[in-house]
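In what follows, a single structure is set out as structure tokens and then discussed.
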Amino acid sequence: MKKLGSILIALFSIMLLAACGDDSATNKEKNSNMDMNMDMPATLTVDVQMPSDPKVNEEVSFLAVVKQEEELVEDADEVMFEIRLKGSDQKEMIESELVKGEGYEATYTFTKAGEYEIIPHTTARNQHVMPTLEITVSE
């Protein structure tokens, strides 16, 4: 009888420990599902308006129209245009200024003909967007 009591106590202890065990896989899954259900802010979009046929030594302007869904973003932390001749490691960073109701504008004068990459580095509303555009500058 004493043996049966010891066995029952051991079984009861095992069951009790199993019931109190860590269910971390299930908890992680629940937390992951909660994160997925939280409202995520809409992604920023940047549409750059630039000249179609820029010439060397001619001042051109770039306008970055920054939107979140359909709303024009006029509170960006930073909008800077990176300008780089394709194949070159050298780049220039050009600051822009807000033009109310339109977007962020910067001007630049190309000194060489060739193909350039234009990258509007845009930081706003806890997001950073930097699409790459190409432009060909002629003599």
Quick one: list whatever passes side chain to side chain contact (heavy atoms under 4.5 Å, CB included) with [X], sequence neighbours left out.
X      : value
Thr43  : Gln127
Asp53  : Lys55, Ser138
Thr123 : Asp77, Glu78, His128

Nearest-0.5 Å distance, CZ of residue Phe81 to NE2 of residue His121
10.5 Å
Let me confirm one number: the CE-OH distance from Met50 to Tyr116, rounded to the nearest 0.5 Å.
13.5 Å
Are any of the side-chain heavy atoms of Asn126 and Pro41 separated by less than 4.5 Å?
no
Less than 4.5 Å apart, side chain to side chain, heavy atoms only: is that true for Val56 and Val137?
yes
Of all heavy-atom pairs linking Pro131 and Pro120, the shortest is O-CD, 3.1 Å
Heavy atoms only: give me the nearest Pro51-Ile135 pair and the separation to one decimal.
O-CD1, 3.6 Å
Distance-only donor-acceptor pairs under 3.5 Å for side chains of residues 60-68, two or more places apart:
residue : atom : partner : partner atom : Å
Gln68   : OE1  : Arg125  : NH1          : 2.8
Gln68   : NE2  : Ala42   : O            : 2.8

All salt bridge (charged side-chain N to carboxylate O under 4.0 Å, His left out) counterparts of Glu134, not counting sequence neighbours
Lys86
Run the side-chain donor-acceptor check on residues 96-111: report pairs under 3.5 Å with partners two or more places apart or on a different chain.
residue : atom : partner : partner atom : Å
Ser96   : OG   : Val79   : O            : 2.6
Tyr104  : OH   : Val73   : O            : 3.4
Tyr104  : OH   : Glu74   : O            : 3.4
Tyr104  : OH   : Asp75   : N            : 3.4
Tyr104  : OH   : Ala76   : N            : 3.0
Tyr108  : OH   : Glu92   : OE2          : 2.6

The remaining residues in the hydrophobic cluster of Met130, counting side-chain heavy-atom contacts under 4.5 Å among Ile, Leu, Val, Met, Phe, Trp and Tyr, are Ile119
Remaining members of hydrophobic cluster (4.5 Å side-chain criterion), Met93
Met80
